[in-house]
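Shown next, in structure tokens, is the structure this report addresses.
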Amino acid sequence: MLDPRYVREHEAEVRKALENCKSKVDLSLYLDLERRRRDLTISVDKRKERLNKASEEMGRMKKEGQDISAYQAKLKELSDEIKQMDNEIAAVEKDFRDIELQVCNLPDASVPVGGEDKNQEVRKVGEPKKFDFKPKSHDELGAALGILDFEKAAKVSGARFFTLWGLGAKLERALINFMLDQHTQNGYQEIVVPHLVNYQSMEMSGQFPKFIEQAFAMKEDNYYLIPTAEVSLANLHRGETLPTGSLPKKYMAYTPCYRREAGTYGKDTKGLIRLHQFNKVEMFQFVEPEKSMAALDELVNSAGNILSLLGLPYRVVVLATGDKSFSSVKTFDLEVWVPSQNTYREISSCSNCTDFQARRGGIKFKREGGGKPELVHTLNGSGLAVGRTWLAILENYQQADGSVVIPEVLRPYMGGLDVIRPVK
RNA sequence: GGAGAGGUGGCAGAGUGGUCGAAUGCGUCUGACUCGAAAUCAGAUUUACGGGCAACCGUAACGGGGGUUCGAAUCCCUCCCUCUCCGCCA
């Protein structure tokens, strides 16, 4: 959510920014509703003042034993008029809020303008490995190694689910533990969070109402399965004013992520790239406004650190205005090298949401020198998507014989195992 | 799932239809006293929105929403949450 006053006072700038984000929101309607809300409020407030004064007077008169029935009828009229106006305001407010929730966060000035094709590579880390044989895809490798099975998952659930077996499952668990341990060293506090959340939480983090069709819903109980731990982490301090000195707060959580992936039929149908359920380690920060851009860099570095330690080639991309996420002003994607596809694929997304989520959730903090509480800035970043890391390891560390070498940093987490070999 | 209790300011805790944005205590801040501190005394201490250059003024908020009333923290309905006991359960 944007600050309505800011929007009002910077109409041209906001209009341009929304255009750059390919937003379909009708800004004129937004401003019109905001104006009407204000006008109505002003006139109803005047009537309320009159009613309040009169009611106070009635109390005094009654105490003195005077007959007040004559005034009651008159005030009833005023009271009814106020009620009617309040209803009108409520209707306007609802319309305003509906549109307000559709407005995305405005992109930072440093973000390239345009669609996906305007995304810019910031840097490359590591060189894609040259194979002296044709590298296999991870689903091929995984099946041959007996550690990955989609058919079993399809039987249990359906399309876009997976099962991992034996060392494959252990590798997944090793990755999760490795990531959490690394981030702990960077000052992130590990938290176990709910996977089922209420509507308000989904709205606060920016999933709802715009992306409601992408969420799995428990209709009987009004719960939603989180599409990312960001939702749970972002809402931990909803409605709170954080005391002086409590920022930054750096949290992380490992959770499965549940996504309907509506409208992606036929996309990435093979392998672990796009699933209804996948594991992820998520990082989240609450910071002072002036520190959020530095925090974004830190987030990217923490995510990149995992890839570097695992020896996986990757690149960092800054997303263009039309491709950045809804709640963010600036998003960096980390993309890992996937040999079988001969390309880089997203494995982490790090965003600075500035005060967009904080305004929706009412999350403030108090500064050192006193003063009014201000909205915090929030940031999120994957650190990393575990399934995609798993597949990147299989593909990048595959040998000609179909075996997969375990990256050195993971071996302690794998009971010292250095290579996964095909079952004879 | 059944029975009961409760949700009030940063915290504790009064208030059961009228001057209550809300007693009191604690905390915090400012001033006085002091070489300094403690203690003591005096004062201050919510947020959001709107109007105004400003001083300031208005409106709203006592878990959320709705209702009754001239007037609701207080009465009614409903939802949510917390706690206690019973049952069930990893």
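Proteins come first, then strands; the chains are lettered A, B, ... in the order of their sequence lines, and each starts at number 1.
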For this session: Go through the side-chain N and O atoms of N352(A) and S328(A) and say whether any donor and acceptor fall under 3.5 Å apart.
Result: no
Exercise. Start at the 5' end of RNA chain B and walk down; is the nucleotide closest to K48(A) or to K364(A) reached first?
Worked result: K364(A)
Problem set entry | Donor on one side chain, acceptor on other, T255(A) and K280(A), under 3.5 Å | no
Problem set entry | Evaluation steps, ring pair (Phe, Tyr, Trp, His ring centres under 6.0 Å), between H138(A) and Y397(A) | CA-CA 10 Å; H138(A) 65 278; Y397(A) 280 89; over 10 Å; no
Exercise. Looking at R36(A), R35(A), R37(A), which one forms a salt bridge (Lys or Arg N to Asp or Glu O under 4.0 Å) with D39(A)?
Worked result: R35(A)
Exercise. Rounding to the closest angstrom, what is the interatomic distance between C62(B) and A23(B) at atom C1'?
Worked result: 14 Å
Exercise. When we call it a touch if two heavy atoms are under 4.0 Å apart, what does K62(A) touch: a base, just sugar-phosphate, or nothing?
Worked result: base
For this session: Might you confirm whether atom OH of Y223(A) has over 12 heavy atoms from other residues, nucleotides or ligands at distances under 6.0 Å?
Result: no
Seminar exercise, completed: Residues at least two apart in sequence or cross-chain that pass ring-ring contact (aromatic ring centres under 6.0 Å, His included) with Y71(A), listed by chain then number, are none
Exercise. Base, sugar-phosphate, or nothing for N198(A), non-hydrogen atoms under 4.0 angstrom?
Worked result: nothing
Exercise. Hey, does the Lys NZ or Arg CZ of K249(A) hover above the aromatic six-ring of F286(A), less than 6.0 Å from the centre and inside 45° of the axis?
Worked result: no
Exercise. Taking the P atom of each, how far is A5(B) from C77(B), in whole Å?
Worked result: 14 Å
For this session: Indicate whether the side chain of Q285(A) and that of E298(A) have a donor and an acceptor atom separated by less than 3.5 Å.
Result: yes
For this session: For nucleotides A60(B) and G67(B), find the distance between their P atoms and express it as a whole number of Å.
Result: 16 Å
For this session: Considering only atom P, compute the distance from A38(B) to U30(B) and round it to an integer number of Å.
Result: 12 Å
Problem set entry | Separation of the P atoms in C75(B) and A32(B), to the nearest angstrom | 47 Å
For this session: Between G31(B) and A37(B), how far apart are the P atoms? Round to whole Å, please.
Result: 11 Å
Exercise. Touch check for R35(A), heavy atoms < 4.0 angstrom, all strands: base, sugar-phosphate only, or nothing?
Worked result: nothing
Exercise. When we call it a touch if two heavy atoms are under 4.0 Å apart, what does E49(A) touch: a base, just sugar-phosphate, or nothing?
Worked result: sugar-phosphate
Problem set entry | Touch class at under 4.0 angstrom, heavy-atom based, for P373(A) against every strand present | sugar-phosphate
Exercise. When we call it a touch if two heavy atoms are under 4.0 Å apart, what does S79(A) touch: a base, just sugar-phosphate, or nothing?
Worked result: sugar-phosphate
Exercise. RNA chain B: N87(A) or L51(A), which has the more 5' nearest nucleotide?
Worked result: N87(A)
Exercise. If only atom types and distance count, is the side chain of E288(A) paired as donor or acceptor with the main-chain N or O of P248(A) below 3.5 Å?
Worked result: no
Exercise. Expressed in whole Å, how much space separates the C1' atoms belonging to G9(B) and C83(B)?
Worked result: 22 Å
For this session: With heavy atoms under 4.0 Å as the rule, sort R5(A) into base, sugar-phosphate or nothing.
Result: sugar-phosphate
For this session: Ignoring hydrogens and angles, tell me if any N or O in the side chain of D26(A) forms a donor-acceptor pair with the backbone of L29(A) under 3.5 Å.
Result: yes
Exercise. Given pairs defined as Watson-Crick or G-U wobble with both distances under 3.5 Å, what dot-bracket annotation applies to RNA chain B, with ( ) intrastrand, [ ] crossing, | other strand and . unpaired?
Worked result: ((((((((.[[[..)..(.....]]]((((((.......))))))((((((....)))))).[[[[[..)....]]]]])))))))....
Exercise. How far, in whole Å, is G51(B) from G63(B) if one measures between their P atoms?
Worked result: 30 Å
Exercise. Contact boundaries of RNA chain B with chain A (under 4.0 Å, heavy atoms), 5' to 3'?
Worked result: G18(B) to G71(B)
